[in-house]
Amino acid sequence: MGFEWYLDFVDRDYEPSDELICVFRAEPDGISMEEAAGRIASESSVGTWTTLSKLPERIKRLMARAFEIDGNVVKVAYPLDLFEEGNIPQLLSSVAGNIFGMRALKSLRLEDIHFPSEYLKHFKGPQFGIEGVRELLGIYDRPLTATVPKPKVGYDEDEYAEVAYDALSGGIDILKDDENLTSQPFIRFEKRLENVMKVIEKVEAETGEKKTYLCNITAETEEMRRRAELIADYGNEYAMVDILTAGWGAVQTVREFCEELGLAIHAHRAMHGAFTRKDDHGISLAVITKLARIAGVDNMHVGTGVGKMAGEASEVERLREVCVSEWEEAKHIKRVFPVSSGGLHPGLIPDVMRLFGTDVIIQVGGGVHGHPGGTRAGAKALRDSIDAVIEGISLEEKAERSKELRESLEKWGYVSPK
């Protein structure tokens, strides 16, 4: 009848070479899996709903091909000419765009993307990566520690600085803004930054330890640039961005001006659950993490496997691998520091380190600030729990010499919050 040519986009005998490959999980609605695969490949490349009166051979060479169908999993190969070099928004408009709205599919999930070296060469990746961040802080043999003052919003700049002082002087390496703390009327960005940097200067003088601040610049893009310039003016090393709410184009712009300013980028994944939470629909966190690494962030939240946030240990391990593995296709793309956060406390640190090893930033909020002895005691308990793992002894044995760790274990034990 001329209405459909979707099966032209299915070729099970096709063998991809230097193409971009997407892995989809699909549930058809009243059609075969093969027809669903054809629709995915068609709508995400050069196809439309009907046959055309004119279709040059040159355009046929741009057709995506569904080359493997295994149950509900489809692999689609895309010629690289479909994509603009170095443009993440355009990539997602193609492989994660209109296909999610097709009536012929009950559900669709983009599980993975495999990037060829020819595509990756147009991206810088992280400016610092794991090794560069360690050099910034002078810490090479253990996980880095971070905390967010709790409650996450509500403090004024003086209260915030007071909590920052207790956390950093207690042994925390990195102070971090929460994802929804930017420049509200009760704590403007400029004053918060000024106060925290004064605290860092004081704590570094008192302890001899290097400290840094993950300062949330998330806003309209030009405002993010202005805030990043202020951070650099104060001599801080980091800017923080909520990468999904800011948008991938903005993240790529932030990567450019942060390089000019010598700033590392901490990526928060706020809003990811809107894409990742359902197993059968949306975009996997592995895809988002890969894109963040390509875009050039230096730290990336990946979950805990044991804390309060959704995400099994197997998924977190996969995300860790996306962050820390060497990429043969692009050796210039540095490794990203995975960040484990969400409902952690000292009793869970052995589990976290079994998953991550030492190349991880362990971020503990309530598990520091909810300590019976206060924030400083909570910070020390966290450091002591990490030291126990590195020393190869149990937390109970370490707690015999650490009042702070003992009190932490008495309050929270080894239980994961929900």
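A salt bridge links R318 to D112: one of the charged nitrogens lies within less than 4.0 Å of a carboxylate oxygen. Between K210 and E204 there is a salt bridge, with a side-chain nitrogen of the basic residue lying less than 4.0 Å from a carboxylate oxygen of the acidic one. Checked for salt-bridge contact, R225 and E229 miss the test: no charged N lies under 4.0 Å from a carboxylate O. Residues R255 and E259 are paired through a salt bridge, judged by an N-O separation under 4.0 Å between the basic side chain and the carboxylate. Using a 4.0 Å cut-off between charged nitrogen and carboxylate oxygen, K211 and E237 do not count as a salt-bridge pair.
Heavy atoms only, all atoms of each residue included: L136 and A264 are closest at CD1-CB, 4.4 Å. Closest approach of A41 to A64, counting heavy atoms only: O-CB, 3.5 Å. What you find for I283 and A96 is that their closest heavy atoms are CD1-CB, 4.0 Å. In terms of heavy atoms, I187 sits closest to L181 at CG2-CD1, 3.6 Å. For L62 against S45, the heavy-atom pair with the smallest separation is O-CB, 4.0 Å. When all heavy atoms of M224 and A246 are compared, the pair lying nearest together is CE-CB, 4.3 Å.
To the nearest 0.5 Å, atoms CG (D8) and CZ (R65) are separated by 10.5 Å. In this structure, OG1 in T145 is found 5.5 Å from CD1 in I386, a value given to the nearest 0.5 Å. With rounding to the nearest 0.5 Å, the separation of CZ in R109 from NZ in K278 is 10.5 Å. Of the inter-residue distances, the one linking M197 atom CE with L175 atom CG reads 10.5 Å to the nearest 0.5 angstrom. With rounding to the nearest 0.5 angstrom, the OG atom of S117 is 11.0 Å from the CD atom of E328.
Taking the ring centroids of H281 and F100, they lie under the 6.0 Å cut-off.
Taking the side chain as every heavy atom from C-beta outward, L105 and I40 approach each other to under 4.5 Å. Counting only heavy atoms from C-beta outward, the side chains of K398 and D387 approach each other to under 4.5 Å. No side-chain heavy atom of Y213 sits less than 4.5 Å from a side-chain heavy atom of I231. Between C215 and M240 there is no side-chain heavy-atom pair separated by less than 4.5 Å. Side-chain contact check for D173 versus R142: some heavy-atom pair is nearer than 4.5 Å. You'll find the side chain of C22 reaches within 4.5 Å of the side chain of L20, heavy atoms only. Side chains of R134 and D359 form a contact here, defined as non-hydrogen atoms less than 4.5 Å apart. In this structure the side chain of E19 reaches within 4.5 angstrom of the side chain of Y14, judged on heavy atoms.
Side-chain contact of H266 with H301: a donor-acceptor pair under 3.5 Å is present, judged by distance alone. Of the N and O atoms on the side chains of E131 and Y140, not one donor lies less than 3.5 Å from an acceptor on the other residue. For the residue pair T358 and D141, no side-chain donor N or O sits within less than 3.5 Å of a side-chain acceptor on the partner. With no hydrogens or angles considered, a side-chain donor-acceptor pair links Y160 and D177 at under 3.5 Å. D351 and Y414 share no side-chain donor-acceptor pair at under 3.5 Å. Side chain to side chain, S402 and D384 meet the donor-acceptor criterion of an N or O pair below 3.5 Å. Judged purely by distance below 3.5 Å, without hydrogens or angles, the side chains of E317 and S314 never pair a donor atom with an acceptor atom.
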Give the intermediate values and the outcome of side-chain contact (heavy atoms from CB on, under 4.5 Å) for residues L291 and I288. CA-CA 5 Å; L291 293 174; I288 290 171; 5.5 Å; no
Any chance you could lay out the side-chain hydrogen bond (donor to acceptor under 3.5 Å, both in side chains) test for S93 and Q90, step after step, and finish with the verdict? CA-CA 5 Å; S93 294; Q90 187 272 333; over 6 Å; no
Show your reasoning for whether side-chain contact (heavy atoms from CB on, under 4.5 Å) applies to Q127 and K124. CA-CA 7 Å; Q127 181 185 179; K124 292 181 177 180; over 6 Å; no
Output, in order, the C-alpha distance, side-chain angles, deciding distance and verdict of side-chain hydrogen bond (donor to acceptor under 3.5 Å, both in side chains) for E201 and Y234. CA-CA 11 Å; E201 184 179 6; Y234 273 101; over 6 Å; no
Stepwise side-chain contact (heavy atoms from CB on, under 4.5 Å) check, V148 with K150: CA-CA 6 Å; V148 175; K150 300 291 183 178; 4.2 Å; yes
I would like to know whether S408 and H371 meet side-chain hydrogen bond (donor to acceptor under 3.5 Å, both in side chains); could you show each step before the answer? CA-CA 6 Å; S408 174; H371 191 282; 5.1 Å; no
Stepwise side-chain hydrogen bond (donor to acceptor under 3.5 Å, both in side chains) test for S44 and Y78: CA-CA 9 Å; S44 57; Y78 296 87; 2.7 Å; yes
Go through the steps to decide whether M300 and V339 satisfy the test side-chain contact (heavy atoms from CB on, under 4.5 Å), and finish with yes or no. CA-CA 6 Å; M300 178 68 184; V339 180; 5.9 Å; no
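In this structure a side-chain-to-backbone donor-acceptor pair under 3.5 Å is present from N195 to E157. At least one donor-acceptor pair closer than 3.5 Å links the side chain of S340 to the backbone N or O of G303. Between the side chain of N216 and the main chain of E179, a donor-acceptor pair closer than 3.5 Å is present. Between the side chain of R293 and the main chain of C323, a donor-acceptor pair closer than 3.5 Å is present. Of the possible donor and acceptor atoms, none in the side chain of D156 sits under 3.5 Å from a partner among the backbone N and O of F186. Between the side chain of Q252 and the backbone N or O of G86, at least one donor-acceptor pair lies under 3.5 Å. Under a 3.5 Å cut-off, the side chain of R383 and the backbone N or O of G171 do form a donor-acceptor pair. Remark: side-chain polar atoms of E84 are not paired, donor with acceptor, to backbone N or O of N87 under 3.5 angstrom. For E391 (side chain) and I393 (main-chain N/O), no donor-acceptor pair under 3.5 Å exists by modelled atom type. Between the K75 side chain and the F24 main chain, no donor and acceptor come within less than 3.5 Å of each other.
Put simply, the residue from T212, T147, L214 that forms a side chain to side chain contact (heavy atoms under 4.5 Å, CB included) with K176 is L214. With R227 as the fixed residue, the side chain to side chain contact (heavy atoms under 4.5 Å, CB included) test singles out one of L193, T182, T218: T182. A side chain to side chain contact (heavy atoms under 4.5 Å, CB included) with I130 holds for exactly one of D298, V324, V360; it is V324.
Note: H345 and W412 have parallel aromatic rings, judged against thresholds of 30 and 60 degrees for the angle between ring planes.
With sequence neighbours left out, the ring pair (Phe, Tyr, Trp, His ring centres under 6.0 Å) criterion links Y119 to F115, F123.
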